[in-house]
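First listed ligand is number 1; within each ligand, the first listed atom is number 1. Every heavy atom of this structure was used, including side-chain atoms; hydrogens, water molecules and symmetry mates were not.
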Amino acid sequence: MAIKVLMVCLGNICRSPLAEGILQSKVDPAKVFVDSAGTGGYHIGSKPDSRSIAVGRKYDIDISHQRCRKFSVDDFDEFDMIYVMDLSNYGNVIALALNEHQKNKVKLLLDEVDSKTKEVPDPYYDDNGFEHVFHLIDNACTVIAKKMERI
Ligand code: 4NP
């Protein structure tokens with residue numbers, strides 16, 4: 001049975017779609033299933049932000065087929081690990097958890113790396129932020145993928 005990993009941000013159009021595409025590109029799809037969702041419902045059904053699609057494409061990660069969905073309480077049962085991009089996402093997801101077991105599945109993505117910053121910044125209002133965000137996520141996903149090879 002594949003390990004199931006969910007990447008979560010606020011809008012599910014900028015950061016978590018990249019995290020989904022990047023991690024999926026580094027793992028065996030037969031062993032690891034990756035999805036993403038947003039805690040906000042503003043963009044349900046939309047494609048990822050064009051700036052995320054562009055930076056992904058630059059590094060051979062195609063996320064253009066993804067469609068935005070909202071995080072649901074059922075995701076706690078569906079997924080083994082839930083990675084959030086920032087502390088606000090963490091608070092939003094934890095607030096929906098029904099018990100400690102569910103809370104324990106939730107982790108900041110950058111907790112996986114020795115990073116100065118623990119949050120992947122929201123690039124929505126910053127055209128220049130996407131490249132930085134890509135590399136932060138990419139570094140963390142390399143560590144996660146290596147860990148999963150050992151599971
Ligand atoms: P994301 O960025 O959480 O990385 O997808 C955002 C996208 C849209 C909005 C906020 C953040 N928004 O307010 O519409």
Side-chain angles (χ1 to χ4, degrees), residues 3-27 29 32-98 102-148:
I3 301 170
K4 296 177 94 176
V5 181
L6 184 66
M7 301 296 193
V8 177
C9 62
L10 174 60
N12 189 215
I13 56 166
C14 296
R15 293 164 291 178
S16 59
L18 278 171
E20 175 187 334
I22 292 169
L23 182 60
Q24 194 72 76
S25 76
K26 294 178 189 287
V27 294
V32 185
F33 171 78
V34 193
D35 191 14
S36 65
T39 57
Y42 328 107
H43 302 279
I44 293 171
S46 300
K47 281 185 175 192
D49 188 285
S50 58
R51 297 163 296 177
S52 281
I53 293 176
V55 76
R57 196 162 275 154
K58 181 174 169 189
Y59 295 102
D60 278 336
I61 308 288
D62 181 12
I63 61 167
S64 62
H65 59 281
Q66 294 183 27
R67 294 295 178 269
C68 172
R69 76 167 177 91
K70 193 170 181 201
F71 179 83
S72 137
V73 188
D74 294 339
D75 288 321
F76 285 114
D77 293 329
E78 195 61 33
F79 289 88
D80 303 298
M81 301 161 89
I82 298 170
Y83 284 111
V84 294
M85 301 299 129
D86 65 27
L87 288 166
S88 166
N89 309 149
Y90 184 84
N92 290 335
V93 172
I94 287 288
L96 297 172
L98 301 172
Q102 292 187 343
K103 284 184 187 169
N104 289 337
K105 291 185 176 186
V106 188
K107 237 179 147 176
L108 278 171
L109 182 75
L110 297 187
D111 269 346
E112 293 288 359
V113 285
D114 194 12
S115 158
K116 257 188 294 188
T117 166
K118 283 293 161 201
E119 300 185 279
V120 179
D122 183 348
Y124 191 57
Y125 295 106
D126 173 14
D127 284 345
N128 299 316
F130 285 78
E131 184 80 25
H132 177 54
V133 158
F134 182 94
H135 292 293
L136 286 175
I137 294 172
D138 188 55
N139 288 340
C141 287
T142 299
V143 174
I144 294 168
K146 282 198 180 126
K147 266 192 186 174
M148 288 185 170

With a cut-off of 3.5 Å and sequence neighbours excluded, list every side-chain donor-acceptor pair involving residues 89-97.
from	atom 1	to	atom 2	distance (Å)
N89	OD1	M85	N	3.2
N89	OD1	D86	N	3.0
N89	ND2	D86	OD1	3.1
N92	ND2	T39	OG1	3.4
N92	ND2	S88	O	3.3

Seminar exercise, completed: Pocket residues around ligand 1 (non-hydrogen, under 4.0 Å) come out as C9, L10, G11, N12, I13, C14, R15, Y42, H43, D122, Y124
Exercise. Looking at D80 and K105, does any basic side-chain N land under 4.0 Å from a carboxylate oxygen?
Worked result: no
Problem set entry | Side chain Q24, main chain V34, donor-acceptor under 3.5 Å | yes
For this session: Could you tell me whether K107 sits above the aromatic face of Y83, with NZ or CZ closer than 6.0 angstrom to the six-membered ring centre and within 45 degrees of the axis?
Result: no
Exercise. Which word best sums up how the rings of Y124 and H43 line up, parallel for under 30°, tilted for 30 to 60°, or perpendicular for over 60°?
Worked result: perpendicular
Exercise. So F71 and F76, would you call those rings parallel, tilted or perpendicular, with 30° and 60° as cut-offs?
Worked result: perpendicular
